[in-house]
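Contents: one structure, followed by commentary.
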Amino acid sequence: MTLQAVLNRVDETLPQALDRLVDLLRIPSISTDPAFKPDCAAAADWLVKELESLGFTASVRPTPGHPMVVARHEAPGPHILFYGHYDVQPVDPLSLWDRDPFDPAIEETAKGAVIRARGASDDKGQLMTFIEACRACKEIHGTLPGNLTIFLEGEEESGSPSLIPFMESNRQELSADLALICDTGLFADSQPAIEMMLRGLAKVEFTIKAATKDLHSGMYGGAAINPIRVLTRILGGLHDDQGRVTVPGFYDDVDELPESVRAQWQSLTFDAGKFLGDVGLSIPAGEVNRTPLEQLWSRPTAEINGIWGGYTGAGFKTVLPAEASAKVSFRLVSRQDPSKILPAFKAWIEAQLPADCSLEWNDPIGSPASVMEITDPAFEAARAALSDEWGVPAVYTGCGGSIPIAGYFKTILNMDAMLIGFACDDDQIHSPNEKYDVKSFHKGIRSWVRVLDRIAK
């Protein structure tokens, strides 16, 4: 029996696949609200029953928070682990929804049919593309498509407090040759992508202190140091005229983009003017001589996220404040290490601190970037499979944000992750009226059939 027979089965049974997705979407598995704890458990139970019906050995795994779901099918070939999450974001403000967010419906729009519900795109619709691909393979071939583990989390939308301990406690069971993550999107509405790099994050809050109390600006102004002036002077020098970060050693572990990937990115139909214009801007503000996509995906940043001090209420209170504070974050790339970047930033601040000023730091937080080894033949095999399904070349892309699970797979389980998703930019995830294109759901199932056919043998 051929690959085409499985793809035909996907086409024939799409209505039933949509019905199953609707059933899952009806469960209000909001992980951040304790009132929905029973619903999160119900969603985990629902998934276990579905996976068992396909021939997986599946179980609900308790955690101090919401349960994990782990399903296993042993077979010859490389061991592939698929990750998704069944929990969803809160729905507030409910008044902005056009319908009950847990009463899913298929609607016709100018772009085609969509399924409207909380979790439709993030991440229930996405994880069900993989499960439905396994179902079609089982129905045609009588067996599941390879040596597979499915790992579904119930706390992704609430910070994943149980994830790291669970992965560490079940390291041997979860370790595989490659992880698949379906929590990303298409580059454009009809161009598939594999995200090959995710920026890391380091952040810190600090306070510059001077006098023991706020001072009258008439009595002390000119003679007393003003910590807001110190703070703004220092942070004003965080970037040079070329948009580069001035902290010593900041770029030491930043690798240049491979030329083959750079060429792919330059071929993408990315309109930087529209991207910035949509938020009222016009000029890319990152490093000069870097394209906007490089600035967003493969270059590190330093950003001042908040700054405060003194009197900010109505009217004036003419004081010299005793202290001034700021929050600063860094998006990291390549081999940049938060444990090196944050101390370097601290030393840079301290070196510029004048007499009569002191520093107070909160606990810094950081996680490294994730860069996938796309030289692994599985990546090119998957890219070819996606290209075949969508009829346009699949591309390697980056992500300006962070997807922590990808980093955990690397640091805890010592394996790379392949990030393939079928969401669209206008799916309104985390917002009212979330939707998932029926086309994306359909072609997502077909895509996984093709990908598994290429990499799971």
Side-chain angles (χ1 to χ4, degrees), residues 32-34 90 92-93 158-161 199-252 279-281 285-287 300-332 336-368 400-402 404:
T32 193
D33 188 340
D92 309 88
S158 52
S160 299
R199 291 198 291 196
L201 179 64
K203 53 188 177 181
V204 67
E205 178 181 326
F206 65 96
T207 298
I208 295 177
K209 296 188 173 185
T212 56
K213 59 184 177 181
D214 288 355
L215 303 174
H216 189 289
S217 66
M219 301 297 292
Y220 285 91
I225 192 72
N226 185 330
I228 294 181
R229 190 179 77 186
V230 174
L231 179 67
T232 55
R233 174 182 59 79
I234 294 174
L235 292 183
L238 188 55
H239 300 84
D240 65 18
D241 292 341
Q242 305 299 304
R244 287 176 61 86
V245 178
T246 58
V247 176
F250 185 75
Y251 294 95
D252 286 355
V279 292
L281 302 174
E287 295 172 85
T301 70
E303 300 294 352
I304 303 163
N305 305 119
I307 187 168
W308 64 97
Y311 177 71
T312 59
F316 258 88
K317 184 180 181 184
T318 53
V319 296
L320 300 181
E323 58 186 50
S325 303
K327 296 177 186 286
V328 177
S329 67
F330 303 88
R331 292 289 176 173
L332 308 180
Q336 285 183 304
D337 186 343
S339 66
K340 291 173 61 178
I341 296 298
L342 290 171
F345 175 67
K346 182 178 180 180
W348 180 78
I349 295 281
E350 289 174 340
Q352 301 178 73
L353 204 65
D356 282 342
C357 287
S358 62
L359 276 167
E360 183 178 283
W361 299 84
N362 74 345
D363 292 332
I365 300 171
S367 58
S402 305

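From a predicted model like this one, the values you see are computed outputs, not experimental measurements.
Closest non-hydrogen pair, Leu238 versus Ala302, comes out as CD2-CB, 3.9 Å. The two atoms that bring Leu332 and Pro338 nearest to each other are CD1-CG, 3.7 Å, heavy atoms only. Across Tyr251 and Pro300, no two heavy atoms sit closer than the pair CE2-CG, 3.7 Å. Closest of all the heavy-atom pairs between Trp348 and Pro248 is CD1-CD, 3.6 Å. For the residue pair Pro354 and Val230, the shortest heavy atom distance occurs at CD-CG1, 3.7 Å.
Atom OG in Ser217 sits 14.0 Å away from atom OH in Tyr311 (nearest 0.5 Å). In this structure, Ile307 CD1 and Leu235 CG are separated by 5.5 Å, a value rounded to the nearest 0.5 Å. From Lys203, atom NZ reaches atom CD of Glu303 across 14.5 Å, with rounding to the nearest 0.5 Å. Atom OG of Ser358 and atom CD of Glu350 lie 10.5 Å apart (nearest 0.5 Å). Residue Leu201 holds its CG atom at 8.5 Å from CD1 of Ile365, rounded to the nearest 0.5 Å. Note that the CG atom of Leu215 and the OG1 atom of Thr318 stand 11.5 Å from one another [nearest 0.5 Å].
With contacts defined as side-chain heavy-atom distances shorter than 4.5 Å, the pair Asn226/Pro321 qualifies. Using a 4.5 Å heavy-atom cutoff, the side chains of Ile225 and Leu320 are not in contact. No side-chain heavy atom of Leu342 sits less than 4.5 Å from a side-chain heavy atom of Trp361. Residues Arg331 and Ser402 form a side-chain contact, since some pair of their non-hydrogen atoms from C-beta on lies under 4.5 Å apart. Phe206 is listed as a side-chain neighbour of Phe345, based on a closest heavy-atom distance under 4.5 Å. Inter-residue side-chain proximity for Asp33 and Pro90 is flagged as unmet; no heavy-atom pair is nearer than 4.5 Å.
Judged by distance alone, the side chain of Arg233 and the main-chain N or O of Gln352 form a donor-acceptor pair under 3.5 Å. Put simply, the side chain of Thr301 never gets that close to the backbone of Phe330: no donor and acceptor are under 3.5 Å apart. Put simply, the side chain of Asn305 gets close to the backbone of Ser329: a donor and an acceptor are under 3.5 Å apart. The closest donor-acceptor contact from the side chain of Glu323 to the backbone of Pro227 lies at 3.5 Å or more, if one exists at all.
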(message) One pair to check against side chain to side chain contact (heavy atoms under 4.5 Å, CB included): Leu359 and Thr207. What are the steps and the verdict?
(response) CA-CA 6 Å; Leu359 276 167; Thr207 298; over 6 Å; no

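Annotation: Asn362, atom CG; neighbour count of heavy atoms from other residues, nucleotides and ligands within 6.0 Å is above 12.
Checking each of Val245, Val247, Thr246, Ile304 against His239 for a side chain to side chain contact (heavy atoms under 4.5 Å, CB included) leaves exactly one that passes, namely Val245.
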